[in-house]
Every structure is written in C-alpha cells, then in structure tokens.
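In what follows, a structure is listed as structure tokens, so that the remarks can point back to it.
Scope of the values below: all heavy atoms of this structure, side chains included, with no hydrogens, waters or symmetry mates.
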Amino acid sequence: MTAPVFVVDDLGRIGPELVLDGPEGRHAVSVKRLRPGEDVVLTDGRGRWTQGVVKAAEGKDRLVVMDLETVREEPAPSPRITVVQALPKGDRGELAVETMTEVGVDAIVPWAASRCITQWKGERGLKALGKWRATAREAGKQSRRVRFPEVADAATTKQVARLLAEADFAAVLHESGEEPLATAELPAEGEIVLVVGPEGGVSPEELALFAQAGARPYVLGPTVLRTSTAGVAATALLLGRTGRWS
C-alpha cells in the first residue's frame, strides 16, 4: 500500500462515492491535508479494502472520495504470528503494540505475568486495554496495513498455556534457552505463538507450565532487550525467516 489508509467499518454499503467524516475525515482533511486528485485506501481493518480518489475536501472534517474500486480482500497471512506481551510499566505497553503493529504482528495478547509490576484491574484495566487497541488501529493505518492486529483481552498464565498448547510452534524468550530463535525450525503455515516476559523475567513456575504446554525457551541474541522491544525484534526475525518479508 502506498496511499494513506483510513478506516470505514462497513465497506459493504459504499457506492461510487463516499463521504469520510468524523475523526477519520478530520484526520484526512486537517492533519493529512489531502486534496482533490490524491489516492486513498479505505479498509475495515480486517483485510477488506478498496482504493479511491479524493474528489473534494470540505470544511475541517469531510473528505469526499470518488472512483471507488471493487472491494478486495487481503488473504490472512500464514504462518500467523501472535505475541503474548507481558504488561510493561507506564506507556511502554502502547510503544510495544505500536512498533509490533508497524513491523507486522498478527495478534497481541496482554499477559498479567506474576512478576509484572503493572496489573490491569477493573476500570483501569479496561482503559489500558482500550489504549492498546486504539494504538494498534492507529499504527495499522500509519503503516498502511489493511489487516490490523487483533488485541485480545488480558490473559492469565493458565490461558496463555492453553494458547501455547494449540500452537504449531510455541516459544518463550528466556535466557535459559540453549537455542537461538534464529535457528529454530519453524512451520510453513499455521500458528506461531511467542511469549515475551516482563522486566523481572518469566518465573520458574510459569516456565514449567509453558514447557508442559509444549513451549521451549529460546534466546533472541547476545544482548538483553527490554520487554517493550523484544517482541518487535522477535517478530521481525520470524517474518523474515518464514518468508513473509520476501
């Protein structure tokens, strides 16, 4: 995708022209400052998309798009890459979601690991989850994706173990690993699930439970990465090794 991307929730109802208004229209007109004749991509964020041409920019928040093409659907990528991300402190969670989305991760599962300082509870947890999802949506648009990553509800350790047990390849980034992720045998299709622990590390009890689920520990490299950057580096490595970047 080379044209700027905007979200339209229901592409099934569009005609030969479409008026983009509200927050999306405001971003197109007042931030992007799009003008007649420029190309735009409209997507539902779930793989369906179409391309059109700006007909007019009206006021501060209305963009009229014409010459809309037939709605297309981008195939779901394979193998699918899910990162289980332990909850970081402060705004590092949104940073991790943003950069993993830009790189190309397919799903993100927030994980309340035992050594996480940050805990999502009640309204605070719902607000934090909403920020992660909004970040994934905006980063998906910025990186010009038409299939945004799914950000799941926060998972417990037992729920993460069940997710790992169902994966075609399951890994935990941990210093106890004897094999680099760069040399691991990866599936050509199916589901890859990668666990990124908190700053305090994955506990021995969690490692044991994940091992029972079939997840082996792997090292990423010779340096120690923060939890907010480890998932980005690992996703990029996996995308390259699986051929999705070729």
Side-chain angles (χ1 to χ4, degrees), residues 1 45-47 74-88 92-111 113 132-133 135-137 139-140 142-152 155 159-199 201-202 206-207 210-211 213-246:
M1 300 295 158
R46 298 182 295 276
E74 181 179 279
S78 185
R80 188 171 186 262
I81 299 173
T82 295
V83 173
V84 176
Q85 173 66 60
L87 305 179
R92 286 189 170 272
E94 289 101 278
L95 174 63
V97 171
E98 179 181 52
T99 49
M100 283 193 287
T101 299
E102 291 172 2
V103 167
V105 75
D106 301 302
I108 300 168
V109 179
W111 172 38
W132 280 35
R133 288 174 171 164
T135 298
R137 173 185 168 112
Q142 187 277 330
S143 54
R144 301 189 179 181
R145 295 177 59 170
V146 295
R147 188 179 290 275
F148 303 162
E150 171 193 350
V151 178
Q159 289 171 328
V160 171
R162 287 196 291 268
L163 183 66
L164 293 169
E166 296 171 355
D168 297 283
F169 175 83
V172 182
L173 292 182
H174 194 265
E175 59 189 6
S176 65
E178 297 181 355
E179 183 181 355
L181 187 63
T183 60
E185 185 176 348
L186 302 175
E189 55 186 23
E191 185 87 23
I192 293 175
V193 180
L194 178 72
V195 176
V196 177
E199 297 290 350
V202 182
E206 290 164 340
L207 277 175
F210 294 162
R216 291 179 55 192
Y218 290 86
V219 291
L220 191 55
T223 60
V224 176
L225 301 180
R226 299 200 69 165
T227 184
S228 54
T229 54
V232 180
T235 298
L237 174 64
L238 294 173
L239 288 168
R241 292 202 56 222
T242 56
R244 285 181 50 182
W245 269 6
S246 61

Which heavy atom of [X] sits nearest a heavy atom of [Y], and at what distance?
X    : Y    : value
G243 : S246 : O-OG, 2.6 Å
A96  : V232 : O-CG2, 4.3 Å
I192 : P79  : CD1-CG, 3.9 Å
V109 : A155 : CG1-CB, 3.7 Å
A161 : A213 : O-CB, 3.3 Å
V151 : A136 : CG2-CB, 3.8 Å

request  = Please determine which of L207, L173, V196 meets the side-chain contact (heavy atoms from CB on, under 4.5 Å) test together with V202.
outcome  =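 The passing option is L207.
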side-chain contact (heavy atoms from CB on, under 4.5 Å), paired with V193, selected from I81, T82, V83 =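 Going through the options one by one, the only one that passes is T82.
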F210 vs H174, side-chain contact (heavy atoms from CB on, under 4.5 Å): CA-CA, chis, key distance, verdict = CA-CA 12 Å; F210 294 162; H174 194 265; over 6 Å; no
Mind checking the [atom1]-[atom2] spacing from [X] to [Y]? Nearest 0.5 Å is all I need.
X    : Y    : atom1 : atom2 : result
L194 : T235 : CG    : OG1   : 6.5 Å
F148 : D106 : CZ    : CG    : 13.5 Å
W111 : L163 : CH2   : CG    : 12.0 Å

request  = Take T229 and T99, measure what side-chain contact (heavy atoms from CB on, under 4.5 Å) needs, and give me the verdict at the end.
outcome  = CA-CA 8 Å; T229 54; T99 49; over 6 Å; no
request  = Side-chain contact test, heavy atoms from C-beta onward, threshold under 4.5 Å: evaluate it for P149 versus M100 and give yes or no.
outcome  =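 They are not in contact (no side-chain heavy atoms under 4.5 Å apart), so the answer is no.
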key: Exceeds 12 heavy-atom contacts within 6.0 angstrom, atom CD of E175   =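 No - once you tally the heavy atoms of other residues, nucleotides and ligands closer than 6.0 Å, there are 12 at most.
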request  = Tell me, with the steps shown, if E102 and E98 meet side-chain contact (heavy atoms from CB on, under 4.5 Å).
outcome  = CA-CA 6 Å; E102 291 172 2; E98 179 181 52; 3.6 Å; yes
key: Any donor-acceptor pair under 3.5 Å from R147 side chain to R46 backbone   =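 Between the backbone of R46 and the side chain of R147 there is a qualifying donor-acceptor contact (under 3.5 Å).
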Main-chain N/O of A182 paired with R241 side-chain donor or acceptor, under 3.5 Å =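 Yes, the answer is positive, given that a donor and an acceptor are paired below the 3.5 Å cut-off.
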ask   = Do you know which of R92, Q85, E199 makes side chain to side chain donor-acceptor pair (under 3.5 Å) with T227?
value =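 Checked R92, Q85, E199 against T227; only one passes side chain to side chain donor-acceptor pair (under 3.5 Å): Q85.
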query = Salt bridge between R80 and E150, side-chain N to carboxylate O under 4.0 Å?
reply =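 Yes, charged N to carboxylate O under 4.0 Å.
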